[in-house]
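Quick note on labels: first sequence line is chain A, next is B, and so on, each numbered from 1. Only a predicted model underlies this, so the values are computations on that prediction, with no experimental measurement involved.
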Amino acid sequence: MTPEELAVVVRGALAELAARGDLFVAVPDDVHIERPRNRDHGDYATNAALTLAKQAGIPPRELATALAEALTACKGIESAEIAGPGFVNIRLDDAAQGELARGIVTAGVAFGTGTALAGRTVNVEFISANPTGPLHLGHTRWAAVGDAIARVLAAAGATVAKEFYINDRGVQMDKFGASVMAAAHGKPVPEDGYHGGYILDLAAEITAAEPAILQLPEEEQLIAFREAAYGLQLRQQQSVLRIFHTEFDVWYSERSLHDSGAVVKGLDKLRGQGHVFELDGATWLRTTDFGDDKDRVLIKADGEYTYFASDTAYYVDKRDRGFDLCVYLLGADHHGYVNRLRAVAACAGDDMDNNVEVLIGQLVKIVRGGEEVKLSKRAGNIVTLEDLVDEVGVDAARYSLIRYPADSPLTLDLEVITQRTSDNPVFYVQYAHARVCSVLRNAEELGIDWRSANFDPSQLSHPREGELLGALGQFPRVVASAAELREPHRVARYLEDTATAYHRFYDACRVLPRGDEQLEPEHIARLWLCAATRQVIFNGLTMLGVSAPERM
RNA sequence: GCGCCCGUAGCUCAACGGAUAGAGCACUUGACUACGGAUCAAGAGGUUACAAGUUCGAAUCUUGUCGGGCGCACCA
């Protein structure tokens, strides 16, 4: 029995009280079932009596008593007792709890998915770096977390597209091109240009492939270098992200937004909504109508579009492409954009509470052995995504970024994640998965066909089995809350708890018969439990984009 | 000055408004002639920055104070 199924039972019990005339309130749609921290309190607990008491005009403990009595009579419930101010602690009988293992194995990869966001079409945009250098650790946090958010939303039933907005327009691109060109001629890079060692590499690669480029007239040559370097750098970013298991559905170029007429179209849409005005020779969007602290310029007095104009047009374009929710994942240095982007949605005639969502990820601070590492792309002093992956591997890198909520600042010590990789929690979870696989492999070698054997769920009566089943049953609600809150770290933390439950179970309960032992129903039941555990850990790790190895 | 985020164990961090605030690392001590010891068990470590308020109940919500990060362009 999952907590969700138990909630249905509790609602049924409340409805029964209401039918008997013992309760004069509407039975709530969602009854809260929680898992007590202290297992002495039972398998599950509900605070329904506490929350309904005031409304019903009945003392909480009195209502709890009636609820407990009604629950005790329900199938699958061994006991229900009141506790504290009016909690009802519920203990399931072994068979009802053990049945969960069969349910999980039967559901397979679908176990944990839900329909809370069914019908929603969501665009998740993240990273969106300039193609003027390698992706660094600031981008890396969203590369991992953004991808996991998209996966979790999909698990909740949404149709999700992951999108990368390429900032390939503007003066930064020109500075980038100028830097590479200077390097190609062996000259010092301009002061305000890009100084990383990768600039030299790009210059060398470009001139090797196209030596004649050095003979072009200066203006033409600058453009040639810029475009060639852009292409190489973009492909490098794409390749690294692919290695990192973050695949984008759409790479959207800012230039194409202008070339396709989308910018003009977007502006027309905003004008039609009546929020565009002219002042001092510039064209403005009145974002202050919707909570922004100042109005924003769309077209400068010199006739040039601002970056903000691209942003607005991009939003309109996303909506035109059929997305009903546009999620933006931005770094903390962009938090000033939150109100502005919401205002853009409102100016376009949309609902800024439902069509747009901006999540801010706090910056990642890097230390190496306690010493802070200052990052500066232009100075070339950066830790790249590629470096990180090379040093710790994709799984450890992704996992150590995902297991913390993105809205709190994070300090990563490179020395810790590079030198003590075996202490990384990802290995703890992966090890649990590998261990289950090993047991199931051994069962197969012993010729035990647990799938065809009779599964008696009441065999799973050991406390450690109960703990493990309880943990497994939490998975769907953890996924649902991770999706609702856009917090995939909840899945990671959950997997660590589940791995612990498995290791503890494994330590206390022998799964396979030893040498001269007969195969007992208990062995079969435990194999079902193992199979269910493997499925949950596999599903969870997959949701985070982390591999679930069968051997380590 | 204004705005956003954050202050929880020595360190890095958890905790739908729920019961005795939890993990990992580090520290102390135990457990393999058993399916993977990358494991398990036990110990120690806290005025949840501070102060009021809201209620059956606050690390969580409100307000204020202090401390830290980041941002406040006709830049991109």
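Closest approach to the Glu34(A) side chain among C13(B), G18(B), A38(B) is made by G18(B) (side chain taken as heavy atoms from C-beta onward). Relative to the side chain of Ala282(A), the nucleotides A76(B), C74(B), G36(B) differ in distance, and C74(B) lies closest. Looking at the side chain of Phe87(A), the nearest of the listed nucleotides C6(B), G18(B), A15(B) is G18(B).
Atom P of nucleotide U39(B) and atom CE of Met552(A) are separated by 9 Å, given to the nearest angstrom. Atom P of nucleotide A19(B) and atom CZ of Arg61(A) are separated by 17 Å, given to the nearest angstrom. The distance from atom OH of Tyr404(A) to atom P of U12(B) is 10 Å, rounded to the nearest whole Å. Taking atom CZ on Arg490(A) and atom C1' on A14(B), their separation rounds to 10 Å, with Å as the unit. With rounding to whole Å, Tyr428(A) atom OH is found 7 Å from G24(B) atom P. Rounded to whole angstrom, the span from the CZ atom of Phe308(A) across to the P atom of G71(B) amounts to 20 Å. Atom CD of Glu517(A) is separated from atom P of C35(B) by 13 Å (rounded to the nearest Å). Taking atom NE2 on His335(A) and atom P on C6(B), their separation rounds to 12 Å, with Å as the unit.
Remark: the separation of the P atoms in C56(B) and C2(B) is 36 Å, to the nearest Å.
Note on Cys530(A): nothing from the nucleic acid sits closer than 4.0 angstrom, heavy atoms only. Nucleic acid contact for Ala443(A): none, since no nucleic acid atom lies under 4.0 Å from a heavy atom of the residue. Using a 4.0 Å heavy-atom cutoff across all strands shown, Ala83(A) reaches at least one base atom of the nucleic acid.
Salt-bridge check for Asp292(A) with Arg296(A): passed, with a basic side-chain N closer than 4.0 Å to an acidic carboxylate O.
Side-chain atoms of Thr46(A) come within 3.5 Å of backbone N or O of Ala48(A) as a donor-acceptor pair.
The nucleotide C16(B) finds no pairing partner, because no Watson-Crick or G-U wobble arrangement with both distances shorter than 3.5 Å includes it. Using Watson-Crick or G-U wobble geometry with both donor-acceptor distances under 3.5 Å, G7(B) finds its partner in C66(B). Remark: C72(B) base-pairs with G1(B). Criterion, Watson-Crick or G-U wobble with two distances under 3.5 Å.
Nearest heavy atoms, His195(A) versus Gly193(A): CD2-O, 3.3 Å. Across Ile166(A) and Tyr230(A), no two heavy atoms sit closer than the pair CG2-OH, 3.8 Å. For the pair Ile82(A) and Arg61(A), the tightest heavy-atom approach, listed with the atom from each and the gap, is CD1-NH2, 3.4 Å.
Side-chain atoms of Asn89(A) and base atoms of A19(B) include a donor and an acceptor less than 3.5 Å apart. Below the 3.5 angstrom threshold, one finds no donor paired with an acceptor across the side chain of Arg493(A) and the base of A14(B).
For the pair His433(A) and A38(B), the criterion of a side-chain N or O lying under 4.0 Å from OP1 or OP2 is not met.
Nearer the 5' end of RNA chain B, as judged by each residue's closest nucleotide, is the contact made by Asn47(A), out of Asn47(A) and Leu279(A). Take the nearest nucleotide of RNA chain B for Val511(A) and for Thr306(A): the residue whose nucleotide is more 5' is Val511(A).
Defined by atom type and a distance below 3.5 Å, a donor-acceptor pair is missing between the side-chain atoms of Glu125(A) and Tyr315(A).
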